[in-house]
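Quick notes on the structure that follows.
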Amino acid sequence: MLLARLANKFTVLRSLKGRLLLGLSCALLLLAALVLGMAWQVGKNMLYETNMEHLRYETNLLADEITHQVDQRFQALERLNQLLATNEDVDALDATLSQNDALLSWFEGIVISDSQGRIIADWPRVEGRRGLETASLEYFKMLQGTRQPYVSEPFVGRASNMPLVLVGVPRKNSEGEFIGFIGGVVSLDAGGLFGRLAKVRLGELGFAAVATSSGKILYHPNKALINAPIPNLVGNPLLELALDGWQGDGVETLIDGRLSLQSYAQIWPASWVVGLFLPVEQAEFPLIGFIHRLWWIWVVLAILMMPFLWWLLARILTPLNQLESQIGEVGRGRRDHVSLATTMQELQQVAVTFNRVEDERQQLVGNLQEREAFLDSVLNASPQGMFVANFGGNITYMNPALLEILGISSGTPMAAWLKQIHADDLDGAEDMWRHSLKSGSDFVRQLRFIRSDRETLWLDVHARVVMLSQGGHSLGLVGVVKDITERRQQEALQRWEAEHDPLTGLLNRRGFERRLEEAFADFQKTSTPSALLMFDLDHFKPINDEGGHALGDEMLRRIAQVVAWEVRRSDHVARQGGDEFAVLLPSCTISQAEKIAESLRQSVSEIAVNQEGKEYTVTLSIGVTRFDENDESFDDALARADAASYEAKGLGRDSVVLRVPAEDSAPLF
């Protein structure tokens, strides 16, 4: 059932109405995506501007609040400094501090140092704090050097083990000399210094933070980060600028990599920076919900509109369905023309064009039938084999003459008789056939065809592209096939007779020299070694004189058989003329050639012919050489082998003489 429903849906999409509906749906989807995209972009810009304005306002309020808190603490310490004046008596200092117990609402403790940085008084009293040396600490050096109120870098209290800062003012005598400082210890975990920050509400993910200009965190919702350096400072260029004194806002990444809206303001009295951070996902959350609602509204509207669009398209396409029906009737012969009752100009033009094309088609069909009948008569009556092929490469027609030549029936599949083409000719013919189909050039090929009765035919095939006179379009190929088996056999016989000795069947001088030339060319190209033997028959003249030429011819035939048997199948044996013979040994070293020559000498010496009770034998005087790099042609090697043969004859016959350039050789036997 599921497959049937899916098939039905795809059938609907294959119709024009289904495709128009799909197109309209896609257009609506694209329009909705465009509208939603624009709404998203505009809404995001508005949200960013609104949230950034809010962050900027809140940041300035926080900066002013913390600045006021710091200034109040500076002022309270200045008033205490005026009460103490230049008094350095410890008891008097303790008494004054105890009388100003209200300062403890702003500070966790008050300390007073002398000019050397040693704590001489504190309130409330903390064990170990009095007598503490601060001369090496950064806040003492700053107060001593600048003699201006100063807020220290955060540090961990020795007694409380809490993150603290020291708000300090310098003490001076009447001459303006530095005599110590009064410092108020402020806890970063408690107290009212950052109380306003804890009340800031920026959604679930937004937060506020304070850091020193040196990059240490003073306040953060994550308590573990307080008094720690700001991690991944390089990843936030806005924060780097803020630590250098810049005030402003922008969009950058947080420590955890999230993109956020950020605003920064300076707390100048303390050299601090306050920042507000609102992650982009928090800022965009209302907009995302709005876009989702718009999307579902569009989906519901689109679903509700589908039936109406389907009905509307059906009404619009009714004339087109009528046109389809009438065209089908024309194709089945029930109508001559189409006739539509519609005001749609496009469909009327289609109907007029179809009627004109149908009239032309009927005329062409009549002409085509006449031409097909004429062509069938010509092809069937032709004594030559002929065929027709389309441009798919398939032969669609063979005339009776061609079927008779090939020995196949008209119903034989093309794949079956193609296998009867000789294996050595099939690949080349197929490549040439594909080239002709692709380029439109003539197909000209001679190939062998093996009939079902195992007779091998040589066929000459010539096919030409048929072109239309108008437009230059091609219809296919028409080919002529000739049986040239007898001609090829005659040519092969003539070639064999031209290069072979009729008496022995060996190569003659012409055939031997052609193979010498080929071997010498291979030697020059690839340095392939080849050896050459030349010999004539010793004591052959008495056979001709006493036994007659018939006996001499019999001896020559026997010698030819023995020599051909003793050499390798790749070697070439020739009768140069009379009783002179030569053997070409391709890819053969001189040492191998010597062994073959000795084998020939031994085998021929065992041949005998008899006439009238008398036995006749011959021996060989063999000259052996090889091709040499200094040879200008194979004639040089022939001359050396011939000279070596004469030398063997001069040494008493029945011997083998090796002659190679730059060395003399003695007879082997």
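Note that these values count all heavy atoms, side chains included, but never hydrogens, waters or copies made by symmetry. Predicted model, so just to flag it, every value in this text is computed and none were measured.
Judged as a salt bridge (charged side-chain N to carboxylate O under 4.0 Å, His left out), and not counting sequence neighbours, Glu580 has no contacts. Every residue two or more places apart in sequence or in another chain that forms a ring-ring contact (aromatic ring centres under 6.0 Å, His included) with Phe520 is listed here: Phe627. In terms of the salt bridge (charged side-chain N to carboxylate O under 4.0 Å, His left out) criterion, residue partners of Asp425 (sequence neighbours excluded) are, by chain and number, Arg448. The side chain to side chain contact (heavy atoms under 4.5 Å, CB included) search around Ala644 returns Val657, Arg659, not counting sequence neighbours. Residues meeting the ring-ring contact (aromatic ring centres under 6.0 Å, His included) test with His572, sequence neighbours left out: none. Residues satisfying the side-chain hydrogen bond (donor to acceptor under 3.5 Å, both in side chains) test with Lys614, not counting sequence neighbours, are Glu546. Asp427 is linked by a side chain to side chain contact (heavy atoms under 4.5 Å, CB included) to Glu430, counting only residues two or more places apart in sequence or in another chain.
Contact check for Arg451 versus Leu457: side-chain heavy atoms found under the 4.5 Å cut-off.
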Item to check | From CA spacing to verdict: salt bridge (charged side-chain N to carboxylate O under 4.0 Å, His left out), Glu598, Arg601 | outcome: CA-CA 5 Å; Glu598 176 59 27; Arg601 186 194 66 78; 2.6 Å; yes
Identify every side-chain donor-acceptor pair in residues 632-639 under 3.5 Å, counting partners at least two apart or on other chains, and give the distances.
residue: Ser633; atom: OG; partner: Asp635; partner atom: N; Å: 3.3
residue: Asp636; atom: OD2; partner: Glu632; partner atom: N; Å: 2.8

Cut-off 3.5 Å, no hydrogens considered: what does the side-chain donor-acceptor table look like for residues 552-560, sequence neighbours left out?
residue: Glu554; atom: OE1; partner: Arg557; partner atom: NH2; Å: 3.2
residue: Glu554; atom: OE2; partner: Arg558; partner atom: NE; Å: 3.1
residue: Arg558; atom: NH1; partner: Ala608; partner atom: O; Å: 2.7

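Applying the side-chain hydrogen bond (donor to acceptor under 3.5 Å, both in side chains) definition to pairs two or more places apart or across chains, those involving residues 502-511 are Asp501-Thr504. Legend: side-chain hydrogen bond (donor to acceptor under 3.5 Å, both in side chains) pairs involving residues 529-541, not counting sequence neighbours, sorted by first then second residue: Asp536-Lys649, Asp538-Thr619, Asp538-Ser621, Asp538-Lys649, Lys541-Asp545. Listed by first and then second residue, the ring-ring contact (aromatic ring centres under 6.0 Å, His included) pairs that reach into residues 434-454 are Trp433-Phe443, sequence neighbours excluded.
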